[in-house]
Protein chains: 2
Amino acid sequence: MARKSSAVDPLRLDNQICFAVYSAAHAFNRVYKPLLDRLGLTYPQYLVMLVLWERDDVPVKEIGEKLFLDSGTLTPLLKRLEAGHLVKRTRSSEDERQVLIALTPQGHALKEKARSVPQSILAATDCSVSELVTMKDEIVALRDRLNAVIGE
Amino acid sequence: MARKSSAVDPLRLDNQICFAVYSAAHAFNRVYKPLLDRLGLTYPQYLVMLVLWERDDVPVKEIGEKLFLDSGTLTPLLKRLEAGHLVKRTRSSEDERQVLIALTPQGHALKEKARSVPQSILAATDCSVSELVTMKDEIVALRDRLNAVIGE
DNA sequence: TCACATTTAATTGTCCGCAATTGAATGCTC
DNA sequence: GAGCATTCAATTGCGGACAATTAAATGTGA
């Protein structure tokens, strides 16, 4: 009788898509790090800046929804961005519960320095753009199914 | 003249595979959390246990290589597992620089309680096994290319 | 209008993740 | 075998991530 093949053992590390995703996220982080160091940003801070470069003057809540992060993560992160003079935090006058995040001139200007980042990342992946777009779409679909399960 | 299409703007959040991976990793974490709470483990702790269930009595270094984590992460994590009586940490007698991690009987026993986890995760992904295997292999290949760039 | 629920950020505490440093053990070279 | 580099784990410090709680502002219904 053959022992159970390791190729289908569901408890094996190598067989777990979650570990693949988890370790790929860390690998990306390590590739981004030297590029983002030049901008004075961490990766999560870079994500917040991407949101703001698309649309300025947004409440914390909206940033959280786009990045799937809560105020426990965002509040201190935004305070660090404010300390670095990249954003300004002001309470909304219409709804005093909200804090609106706006780019400073330096925050806006940083976008130009960031333009070369995606290109460098693309090179590091050693993939074609179309391959990456396909993978990205699959991963996003998977993520959305997982998030749907959580919400239920 | 049409303005630049957002579908190809490389600084758009939606177009970045890294954000897809990053947010998928968090989504996985949130799905795992209630399952792992029943085992008294966090996700990184669960990964360490997966390594040990495959092979016991391993040096910290080897765990780190398999999980792409360093001692700054593993040392405190392993101390918490030891405090939970799941592993024992002992300095190797052959090479006193190494700390060997061995499962306790409780650590071994926990494997049985963990067997149902991959099944639950599979259900949450709402994917076929073959789809997941394909995606996993693609993501691992991407991760390995990224790690190769870092090492260079 | 007054109680009550809801929304929103902020706070606190715990656990990762990693860079940088330290210190002990080992290996290597002359 | 003495000096020197390397290896390995531990430590420190900083920045996420998130659960749980708090507190203020807003909305709602009797």
Side-chain angles (χ1 to χ4, degrees), chain A residues 18-19 22-34 36-37 39-49 58-65 67-84 86-87 89-101 147 150, chain B residues 19 22-34 36-37 39-49 58-65 67-84 87 89-101 147 150:
Chain A
C18 181
F19 177 63
Y22 169 90
S23 54
H26 291 326
F28 264 119
N29 213 330
R30 287 177 210 125
V31 173
Y32 268 100
K33 181 147 201 324
L36 295 182
D37 278 349
L39 307 184
L41 295 174
T42 64
Y43 182 69
Q45 289 169 3
Y46 172 69
L47 291 180
V48 169
M49 295 302 286
V58 243
V60 173
K61 177 110 201 291
E62 188 173 324
I63 298 175
E65 281 165 357
L67 302 182
F68 307 97
L69 296 173
D70 69 0
S71 71
T73 301
L74 288 174
T75 297
L77 186 157
L78 290 166
K79 285 183 177 175
R80 283 187 284 272
L81 288 180
E82 188 174 41
L86 296 176
V87 306
R89 305 180 329 122
T90 47
R91 233 159 240 288
S92 164
S93 52
E94 294 110 51
D95 185 340
E96 296 252 335
R97 290 171 304 183
Q98 293 186 357
V99 169
L100 298 178
I101 308 299
N147 278 331
I150 298 162
Chain B
F19 176 64
Y22 169 89
S23 53
H26 290 326
F28 265 119
N29 213 328
R30 290 190 272 264
V31 173
Y32 268 100
K33 181 146 203 322
L36 295 181
D37 278 349
L39 307 183
L41 295 173
T42 64
Y43 183 69
Q45 289 169 2
Y46 172 69
L47 291 179
V48 168
M49 295 302 285
V58 247
V60 174
K61 178 108 200 292
E62 189 173 324
I63 298 176
E65 281 164 357
L67 301 182
F68 307 97
L69 296 173
D70 70 359
S71 70
T73 301
L74 288 175
T75 296
L77 186 157
L78 291 166
K79 284 183 177 176
R80 282 187 285 270
L81 288 180
E82 189 175 40
V87 307
R89 305 178 330 122
T90 48
R91 237 160 236 287
S92 164
S93 51
E94 293 109 51
D95 184 341
E96 297 252 335
R97 292 170 302 182
Q98 293 186 357
V99 168
L100 298 178
I101 308 300
N147 278 332
I150 297 161

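In what follows, chains are A, B, ... by sequence order, proteins preceding strands, each numbered from 1. Atom set for the values below is all heavy atoms of this structure, side chains included, hydrogens, waters and symmetry mates excluded.
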Assign each of A/Leu100 and B/Glu94 the nucleotide of DNA chain C bearing its closest heavy atom; nearer the 5' end lies the nucleotide of A/Leu100

Between CG of A/Leu41 and C1' of D/dG16 the distance, given in whole Å, is 14 Å

From the candidates C/dG17, D/dT26, D/dA9, the one with an atom nearest any side-chain atom of A/Tyr22 is C/dG17

In short, A/Leu41 meets A/Tyr46 closest at the heavy-atom pair CD1-CA, 4.1 Å

To the nearest angstrom, the CG-P distance between A/Leu78 and C/dA9 comes to 10 Å

Numerically ordered, the residues 24-32 of chain B set in heavy-atom contact under 4.0 Å with DNA chain D is B/His26, B/Arg30

When every non-hydrogen atom of A/Val87 is compared with those of A/Leu78, the smallest separation belongs to CG2-O, 3.9 Å

Would you mind classifying the nucleic acid contact of A/Pro59 as base, sugar-phosphate or nothing, using non-hydrogen atoms under 4.0 angstrom?
-> sugar-phosphate

Look at all strands and tell whether B/Leu69 reaches a base, only sugar-phosphate, or nothing, counting heavy atoms closer than 4.0 Å. sugar-phosphate

Closest non-hydrogen contact found for B/Ala27 with A/Ile150 is O-CD1, 3.7 Å

Separation of C/dT8 atom P from A/Lys61 atom NZ, nearest Å, is 4 Å

To the nearest angstrom, the CG-P distance between A/Asp37 and C/dA19 comes to 9 Å

Tell me if the side-chain of B/Thr75 makes a donor-acceptor pair with the base of D/dA9, cut-off 3.5 Å, by modelled atom types. no

Between CD1 of B/Ile63 and C1' of D/dA10 the distance, given in whole Å, is 15 Å

Considering only heavy side-chain atoms of B/Lys79, the closest of D/dA25, D/dT11, C/dA10 is D/dT11

Looking only at heavy atoms, the pair that brings A/Arg30 and B/Phe68 closest together is NH2-O, 2.9 Å

Check: Under 4.0 angstrom, heavy atoms only, what part of the nucleic acid is A/Glu62 near: base, sugar-phosphate, or nothing?
Finding: nothing

Any protein N or O atoms within reach of nucleotides 12-15 of chain D? Criterion: under 3.5 Å, listing atom names and distances.
none

Of A/Lys33 and A/Gln98, the one whose closest nucleotide on DNA chain C sits nearer the 5' end is A/Gln98

- [ ] Look at the side chain of A/Arg89 and the backbone N and O of A/Leu100, then say whether any donor-acceptor pair between them is shorter than 3.5 Å.
- [x] no

Looking only at heavy atoms, the pair that brings A/Pro76 and A/Ser71 closest together is CD-O, 3.9 Å

Correct closest heavy-atom pair for A/Leu74 and A/Val48 would be CD2-CG2, 4.0 Å

Picking from D/dA10, C/dA9, D/dC18, the nucleotide nearest the side-chain atoms of A/Asp70 would be D/dC18

Ring centre gap for B/Tyr22 and A/Tyr43 strictly below 6.0 Å: yes

pair A/Leu69-A/Ile63: side-chain heavy atoms closer than 4.5 Å:
no

Separation of D/dA9 atom P from B/Arg91 atom CZ, nearest Å, is 8 Å

Judged by nearest nucleotide, the residue sitting upstream toward the 5' end of DNA chain D, A/Arg97 or A/Thr73, is A/Thr73

Contacts of B/Thr42 meeting side-chain contact (heavy atoms from CB on, under 4.5 Å) (sequence neighbours excluded), chain-then-number -> B/Pro44, B/Gln45

